[in-house]
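Only one structure is covered here, and it is reproduced in the block below.
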Amino acid sequence: MISTDFALAKKLLEDEQVIGLPTETVYGLAGNIFSEKAISTIYKIKQRPSFNPLIVHIKDISALEKVAIQIPAKAYQLAHVFWPGPLTLLLPKHPSISNQITAGKNTVAVRIPNHPVALALLASLDFPLAAPSANPFTRISPTTAEQVEAYFQNEIPLVLQGGTCKNGVESTIIGFNEDRVILYRYGAIPIEAIEAEVGEVDIYIQNEKNPEAPGMLMKHYSPLTSVIVTDNISAEIQKQANKKIGLIVFQHASSAIELKYQQVLSEKGDLQEAASHLYQALHHLDTLQLDLIIAEKFPDEGLGKTINDRLRRAAEK
Ligand code: TXA
Ligand code: MG
């Protein structure tokens, strides 16, 4: 059920149940971090492997010391600039955080979401919320309550309605090693904005070079339709001429494909706008019974890096 019933959401969470929660990035599947029952339910309905840890959502900066310890100065510096917002920090976990949440790791992922509904709910509860993105394992993350309901209507009692997610891609994940700052996931805050605050950031993302990097697996954010990413759309369309093709492009539609099969992510060439439309575009094209989705490679800067990362994972077999 989709509803704006805030009191019901609070009651369900206090009763160790799992609900769909709006945030500024994507919707989450939220539960009480101290409830073994709620956390098991999250892993189960998401079909998430038990080795993949959850993000903890807190209500304000003063709650940070209840979930993490040995917090570096640079972490506070970033938190003060970007929270509430789409920045997740990996920090040594507080003993009160279970191994179930962190999948046995000694770090915990934590952020303050910047969404009025999520913030009000967190403020009304006396526990933080674990909330992975509200999609089944490897599928596209939802940016509307309706998509969460389509994925999980038989498994969760409530999706709290919070409108379309403003950022539309997940948070940027940052960790620390001694004095170094490390990027673990490209996300809604561009890496350049982090570097402007704390200097050079090392990049440690799972790909062919770093198969062991923690965090998301290579195949992720996948529509059911196959995806190819290219920097030459016209050549790829010609090569695939016998197929029913959908397109994802940055600014300019192609004259080679019917417009109804195309998703232009930002006519004015704004990467932030493009990122906010990406998942919705993949969701939509996935409903059109296509043989193939061809996506244009985005400029390799700012949120273009995040979009390219997601497209690359969507294209992974
Ligand atoms: O924007 C977001 O971060 C959304 C909204 C709902 O807050 N949440 C989200 O959660 O994207 P999820 O679970 O889909 O992605 C969290 C990622 C996972 O890939 C997980 O492996 C990684 O964070 N992660 C969590 N805790 C970690 C840890 N202690 N060490 C390394 N990676 C961690
Ligand atoms: Mg996810």
Side-chain angles (χ1 to χ4, degrees), residues 21-28 55 57 78-89 111-119 131 133-135 140-148 162-174 181 183-198 201 203 205 215-216 220-221 223 227 229-231 233 247-253 262-285 293 295-315:
L21 175 77
T23 83
E24 81 282 29
T25 57
V26 300
Y27 275 73
I55 295 180
H57 297 69
L78 290 173
H80 283 296
V81 175
F82 294 107
W83 282 355
L87 170 72
T88 293
L89 298 177
R111 79 180 193 98
I112 306 179
N114 188 18
H115 189 291
V117 173
L119 283 172
S133 54
N135 51 288
I140 307 166
S141 303
T143 53
T144 64
E146 290 71 22
Q147 286 160 7
V148 183
T164 301
C165 302
K166 187 165 56 83
N167 291 93
V169 286
E170 294 83 352
S171 58
T172 300
I173 301 185
I174 294 286
V181 179
L183 174 77
Y184 288 100
R185 175 172 74 181
Y186 288 106
I189 296 177
I191 185 77
E192 293 87 341
I194 307 276
E195 290 190 320
E197 293 301 327
V198 289
V201 171
I203 297 180
I205 306 277
M216 59 190 170
H220 222 119
Y221 315 105
V227 177
V229 186
T230 175
D231 42 26
I233 288 271
L247 283 190
I248 291 189
V249 293
F250 184 15
Q251 286 182 266
H252 306 291
Q262 301 194 46
Q263 294 285 306
V264 179
L265 297 192
S266 173
E267 280 180 359
K268 60 176 192 262
D270 176 345
L271 286 168
Q272 174 137 12
E273 180 181 57
S276 74
H277 292 156
L278 176 65
Y279 290 160
Q280 186 62 50
L282 282 167
H283 268 288
H284 176 67
L285 291 179
I293 297 169
E296 176 174 18
K297 189 162 184 286
F298 277 64
D300 193 33
E301 64 185 32
L303 292 181
K305 288 184 194 280
T306 304
I307 297 172
N308 286 334
D309 173 88
R310 300 304 193 268
L311 287 173
R312 212 159 44 82
R313 288 170 205 277

How far does [atom1] of [X] sit from [atom2] of [Y], to the nearest 0.5 angstrom?
{"X": "Ile307", "Y": "Ser276", "atom1": "CD1", "atom2": "OG", "answer": "8.5 Å"}
{"X": "Ile191", "Y": "Ile203", "atom1": "CD1", "atom2": "CD1", "answer": "5.0 Å"}
{"X": "Ile248", "Y": "His277", "atom1": "CD1", "atom2": "NE2", "answer": "12.5 Å"}
{"X": "Ile233", "Y": "His252", "atom1": "CD1", "atom2": "NE2", "answer": "12.0 Å"}
{"X": "Ile174", "Y": "Thr88", "atom1": "CD1", "atom2": "OG1", "answer": "9.5 Å"}
{"X": "Ser171", "Y": "Trp83", "atom1": "OG", "atom2": "CH2", "answer": "10.5 Å"}

Pairwise side-chain contact, [X] with [Y], heavy-atom cut-off 4.5 Å (strictly under):
{"X": "Asn114", "Y": "Lys166", "result": "yes"}
{"X": "Asn167", "Y": "Thr23", "result": "no"}
{"X": "Glu301", "Y": "Leu271", "result": "yes"}
{"X": "Ile189", "Y": "Ile194", "result": "yes"}
{"X": "Leu119", "Y": "Ile112", "result": "yes"}

Shortest non-hydrogen contact between [X] and [Y], atoms and distance:
{"X": "Tyr279", "Y": "Glu170", "result": "OH-OE1, 2.7 Å"}
{"X": "Ala188", "Y": "Leu303", "result": "O-CD2, 3.5 Å"}
{"X": "Pro223", "Y": "Ala314", "result": "CD-CB, 4.0 Å"}
{"X": "Leu87", "Y": "Ala79", "result": "CD2-N, 4.4 Å"}
{"X": "Pro113", "Y": "Ala118", "result": "CG-CB, 4.0 Å"}
{"X": "Pro142", "Y": "Gln147", "result": "CA-OE1, 3.2 Å"}

When you check the gap from the basic side-chain N to the acidic O, do Asp309 and Lys305 get nearer than 4.0 Å?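 Salt bridge flag = no for Lys305 with Asp309.
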
Let me see the working for Thr172 and Tyr186 under side-chain contact (heavy atoms from CB on, under 4.5 Å), right down to the final yes or no. CA-CA 5 Å; Thr172 300; Tyr186 288 106; over 6 Å; no

Does a side chain donor of either [X] or [Y] reach within less than 3.5 Å of an acceptor in the other side chain?
{"X": "Ser141", "Y": "Arg310", "result": "no"}
{"X": "Gln263", "Y": "Gln280", "result": "no"}
{"X": "Thr25", "Y": "Arg111", "result": "yes"}

Quick check against the 3.5 Å criterion: does [X] have a side-chain atom that pairs as donor or acceptor with the backbone of [Y]?
{"X": "Glu195", "Y": "Val201", "result": "yes"}
{"X": "Glu192", "Y": "Gly302", "result": "yes"}
{"X": "Tyr27", "Y": "Gly162", "result": "yes"}
{"X": "Glu197", "Y": "Leu78", "result": "no"}
{"X": "Asn135", "Y": "Ile140", "result": "no"}
{"X": "Arg185", "Y": "Ile205", "result": "no"}

Evaluate whether atom CD of Gln272 has more than 12 neighbouring non-hydrogen atoms of other residues, nucleotides or ligands under 6.0 angstrom away.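 At most 12 heavy atoms, drawn from other residues, nucleotides or ligands, come within 6.0 Å of this atom.
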
Residue Glu267 excluded, over 12 heavy atoms near CD under 6.0 Å: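 Incorrect, the count does not exceed 12.
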
Is there a side-chain contact (heavy atoms from CB on, under 4.5 Å) between Phe298 and Thr306 once you walk through the steps? CA-CA 9 Å; Phe298 277 64; Thr306 304; over 6 Å; no

Can Asn308 and Lys297 be said to form a side-chain contact (heavy atoms from CB on, under 4.5 Å), step by step? CA-CA 6 Å; Asn308 286 334; Lys297 189 162 184 286; 3.8 Å; yes

